[in-house]
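Here the structure is a predicted model, which means the values were calculated and not measured.
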Amino acid sequence: MAHPFTENPLTPLRKAISARMTHANQTIPHFRLVSNIDVDALLHWRTATNAGNPTQKISVNDCLIKAVALSLVDNPAVNCQLTDTAIQRFQSADISVVIAVEGGLATPVVRGAEGKSVMEISTIVKDFAERAGRNALKFSEVSGGSFSVSNLGGYGVEQFDAIINAPQCAILAVGRAAPRVVADPLGGTRLTTTMTCTLSVDHRAIDGAEAGKFLQSLRDVLADPERLRRT
């Protein structure tokens, strides 16, 4: 009689993910901050940018990586790793980008993202995604990192929270951009496009006010996307 299920042996990648996620979830005191961020200005800026360069289009995620990098430089308390004896705060934003691959995840690092253009980031991430799909990333490309970004908006996910990629101390989980009716300052309503971002934080290294300041910085950058042109 055939089994009413299929059985897939655990691959080395799946075992490694299982061990790391279990350890992080059991040992890191996570807390989470959620922010609905208006992205209308960003979407208009991206549309105009892509119209001016249709052969090398950038994605919302490329813009987000740049915006996160600028916000981390302004908030080094969130741009850190935790060791047994110290909190290491980095001056440069080395961002691990979570990429889905067959049977698991890869987290290659965009190093010095604050000093790269959005186009450069886009080129790097596309190369990472192509090589991750054929297991061709180098160890040096997936090690280190001071912060992680995981974006499931392309799958229609509204909101989620992510497990921290230790020894990093924070990860940003990004949902889809969707139109919503919000209150305006005059007591009326308006239609805007918002994106729900959930910041998971290691409370051993980062406090709530520091995490809140980072999200405020991110909100400010996305409201003024011309800042993304700066390196």
Could you check whether atom [atom1] of [X] has more than 12 heavy atoms from other residues, nucleotides or ligands sitting under 6.0 Å from it?
X: Phe139; atom1: CZ; answer: no
X: Lys15; atom1: NZ; answer: no
X: Asn135; atom1: CG; answer: no
X: His203; atom1: NE2; answer: yes
X: Gln216; atom1: CD; answer: yes
X: Glu102; atom1: CD; answer: no

Any luck finding a side-chain donor-acceptor pair between [X] and [Y] under 3.5 Å?
X: Asn8; Y: Arg14; answer: no
X: Arg219; Y: Ser35; answer: yes
X: Gln168; Y: Ser96; answer: yes
X: Asp62; Y: Ser59; answer: yes
X: Ser146; Y: Asn79; answer: yes
X: Asp161; Y: Thr198; answer: no

Enter the distance from [X]:[atom1] to [Y]:[atom2] here, rounded to the nearest 0.5 Å.
X: Leu64; Y: Cys197; atom1: CG; atom2: SG; value: 6.0 Å
X: Ser148; Y: Asp94; atom1: OG; atom2: CG; value: 11.0 Å
X: Ser150; Y: Ile171; atom1: OG; atom2: CD1; value: 5.5 Å
X: Asn75; Y: Arg89; atom1: CG; atom2: CZ; value: 10.5 Å
X: Arg32; Y: Gln159; atom1: CZ; atom2: CD; value: 10.0 Å

Is the distance from the ring center of Phe147 to that of Phe214 below 6.0 Å?
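Close enough - the centres of the two rings lie under 6.0 Å apart.
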
Is it true that [X] and [Y] make a salt bridge, defined as a side-chain N closer than 4.0 Å to a carboxylate O?
X: Lys66; Y: Glu114; answer: no
X: Arg190; Y: Asp38; answer: yes
X: Glu141; Y: Lys138; answer: no

